[in-house]
Visitor: 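One structure, as structure tokens, below. Some questions next.
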Amino acid sequence: MNDQVLRFSGAEDLAEQAAALLVARIVAIQADPERVVQLCLTGGRIAQRIYEGFGRRVDGSGVDPGRLELWWTDERFTSTDDPARHAGVALAMMAGQFALDPARTHPMPSADGVADADAAAATYTKELGDVVFDICLLSIGPEGHVASIFPDHPSFDPQSGQTVIGLTDSPKGEDDRVSLTVPALNRSHEVWFLLSGLDKADVAASAIAGCAEIPAGVVRGADDTLWFIDRDAAAELPWFHCAL
């Protein structure tokens, strides 16, 4: 298992370079004609920029969209057309650029179709099965949460026997949520963390150091973990002395 920190001058540079690397990694995996790439997406402003940049780059890149399977790390349990849901934004950014296979696109269930967040989690558990993500993108909250797994909360259980959970008491005090668990994220071949801004500087240092008290400190890729960090988010790293 390898950790690699990639530092960028700002959020725009981070998003553009991450999008380019995402294209390159998918092309490399798809060099095996039998391989369908399992890609797990997250929410957040930086992630949205990456999806937009990724969509722009697919045409002519060698990526085969027909062998690309999309999943999500977490979601608000609201109506399908709620603009706060991650899937709607991501799909809108990509679908206008290349053809997505509906059979290989797996948004988490919405409040339109199932009774509650727990039922949505059970449905997604069956849909996910034993899928292992090739690449899982993750934003990190200022307090160290990833997906909808929060510090000092029942959702944060590194030994959970579940792969998907429903939350009715999110610390954010917003809508009910559905989320992958720590074990589900940790079976990803590669985890890509996305951090931008001074408000992420403290948590970036703690997460990279492997702080066991925050979800971002214990989630890692089974093969590789990449940290995409801009200059502000890297401000508290003890070895950050270069000028970008």
Side-chain angles (χ1 to χ4, degrees), residues 1-44 46-73 86-87 89-91 93-107 127-140 146-147 163 180 183-196 207-208 216 219-230 234:
M1 183 170 62
N2 300 308
D3 278 55
Q4 185 177 4
V5 178
L6 307 174
R7 292 175 287 180
F8 304 92
S9 59
E12 183 175 353
D13 183 33
L14 187 162
E16 287 295 305
Q17 296 298 326
L21 184 58
L22 184 58
V23 168
R25 286 293 298 124
I26 291 172
V27 169
I29 296 168
Q30 289 184 339
D32 177 349
E34 302 299 319
R35 288 280 273 111
V36 174
V37 175
Q38 306 292 337
L39 175 62
C40 192
L41 306 179
T42 190
I46 286 293
Q48 291 172 13
R49 291 189 189 186
I50 292 171
Y51 305 150
E52 191 277 330
F54 174 73
R56 282 190 280 107
R57 288 171 165 83
V58 166
D59 188 33
S61 68
V63 170
D64 178 359
R67 290 191 288 130
L68 181 62
E69 195 132 6
L70 301 180
W71 304 88
W72 272 264
T73 62
H86 303 323
V89 176
L91 291 173
M93 288 182 170
M94 290 187 282
Q97 303 290 336
F98 62 92
L100 290 164
D101 182 350
R104 296 192 188 278
T105 304
H106 306 274
E127 189 169 357
L128 181 63
D130 58 0
V131 168
V132 174
F133 307 127
D134 291 293
I135 301 170
C136 179
L137 306 181
L138 283 172
S139 299
I140 300 179
V146 295
T163 54
L180 300 182
L185 296 171
N186 279 347
R187 71 187 190 189
S188 307
H189 288 296
E190 298 180 17
V191 168
W192 294 15
F193 286 111
L194 316 171
L195 297 104
S196 172
I208 292 172
V219 171
R220 295 292 188 272
D223 299 326
D224 294 293
T225 304
L226 277 65
W227 303 84
F228 293 80
I229 303 180
D230 72 4

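Computation of the quantities below employed the complete heavy-atom set of this structure, encompassing side-chain atoms and omitting hydrogens, waters and symmetry-equivalent molecules.
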Visitor: Decide yes or no on side-chain contact (heavy atoms from CB on, under 4.5 Å) for Leu91 and Leu70, but give the supporting numbers first.
Guide: CA-CA 10 Å; Leu91 291 173; Leu70 301 180; 4.3 Å; yes

Visitor: Measuring from Leu195:CG to Ile229:CD1, what's the distance to the nearest 0.5 Å?
Guide: 5.0 Å

Visitor: To the nearest 0.5 Å, how far apart are CG in Leu39 and CG in Leu137?
Guide: 5.5 Å

Visitor: First locate atom CD1 of Ile46, then atom CG of Leu194, and finally report the distance between them rounded to the nearest 0.5 Å.
Guide: 7.5 Å

Visitor: From Asp230 CG over to Arg7 CZ, what is the distance, rounded to the nearest 0.5 angstrom?
Guide: 12.0 Å

Visitor: Go through the structure and list residues passing side-chain contact (heavy atoms from CB on, under 4.5 Å) with Val23, not counting sequence neighbours.
Guide: Val27, Phe54, Arg57, Ser61, Val63

Visitor: Just so I know, are the side chains of Asp3 and Val5 near enough to count as touching, which here means a heavy-atom distance under 4.5 Å?
Guide: no

Visitor: Among residues at least two apart in sequence or on other chains, which ones pass side-chain hydrogen bond (donor to acceptor under 3.5 Å, both in side chains) with Ser139?
Guide: none

Visitor: So, for Ala15 and Arg49, which heavy atoms are closest and what is the spacing to 0.1 Å?
Guide: CB-CB, 3.5 Å

Visitor: To the nearest 0.5 Å, tell me how far Asp134 CG sits from Ile29 CD1.
Guide: 4.5 Å

Visitor: Check Val191 against Ser188 and note the closest heavy-atom contact, atom names and distance.
Guide: CG2-CB, 4.0 Å

Visitor: Would you list the pairs meeting side chain to side chain donor-acceptor pair (under 3.5 Å) in which at least one residue belongs to residues 21-34, sequence neighbours left out?
Guide: Arg25-Glu190

Visitor: Could you report the tightest heavy-atom contact between Glu16 and Arg56, atom names first, then the distance?
Guide: OE2-NH2, 2.6 Å

Visitor: Flag the pair Ile208 / Phe193 as yes when at least one side-chain heavy-atom distance between them is below 4.5 Å, and no otherwise.
Guide: no

Visitor: Could you tell me which residues satisfy side-chain hydrogen bond (donor to acceptor under 3.5 Å, both in side chains) with Asp101, sequence neighbours excluded, listed by chain and number?
Guide: none

Visitor: What residues form a side-chain contact (heavy atoms from CB on, under 4.5 Å) with Thr73, not counting sequence neighbours?
Guide: Cys40, Thr42, Cys136, Leu138, Ala147, Leu185

Visitor: Enter the distance from Leu14:CG to Ser196:OG here, rounded to the nearest 0.5 Å.
Guide: 6.5 Å

Visitor: Phe133 and Leu180: which non-hydrogen atoms are nearest, and at how many Å?
Guide: CE1-CD1, 3.6 Å

Visitor: Holding to side-chain hydrogen bond (donor to acceptor under 3.5 Å, both in side chains), I want the full list of residues that pass it with Asn186, two or more places apart in sequence or in another chain.
Guide: none

Visitor: In this structure, are over 12 heavy atoms from other groups packed under 6.0 Å from Glu12 atom CD?
Guide: no

Visitor: List for me each residue that meets ring pair (Phe, Tyr, Trp, His ring centres under 6.0 Å) alongside Trp192, sequence neighbours excluded, and say none if there are none.
Guide: Phe228

Visitor: Can you name the side-chain contact (heavy atoms from CB on, under 4.5 Å) partners of Ala90, sequence neighbours left out?
Guide: Leu41, Tyr51, Trp72, Met94

Visitor: Restricting to side-chain hydrogen bond (donor to acceptor under 3.5 Å, both in side chains), what partner residues turn up for Arg187, sequence neighbours left out?
Guide: none

Visitor: At their closest point, which heavy atom of Trp227 faces which heavy atom of Ala216, and how far apart are they?
Guide: CH2-O, 3.9 Å

Visitor: Checking Asp223 now: which residues fulfil salt bridge (charged side-chain N to carboxylate O under 4.0 Å, His left out) with it, not counting sequence neighbours?
Guide: none

Visitor: With sequence neighbours excluded, tell me which residues meet side-chain contact (heavy atoms from CB on, under 4.5 Å) with Glu69.
Guide: Val36, Gln38, Trp71, Arg104, His106

Visitor: Would you say Val132 and His189 make side-chain contact, with heavy atoms under 4.5 Å?
Guide: yes

Visitor: Once salt bridge (charged side-chain N to carboxylate O under 4.0 Å, His left out) is applied, do any residues pair with Asp13, and if so which ones, sequence neighbours excluded?
Guide: none

Visitor: Would you call Val89 and Met93 a side-chain contact if the rule is heavy atoms closer than 4.5 Å?
Guide: yes

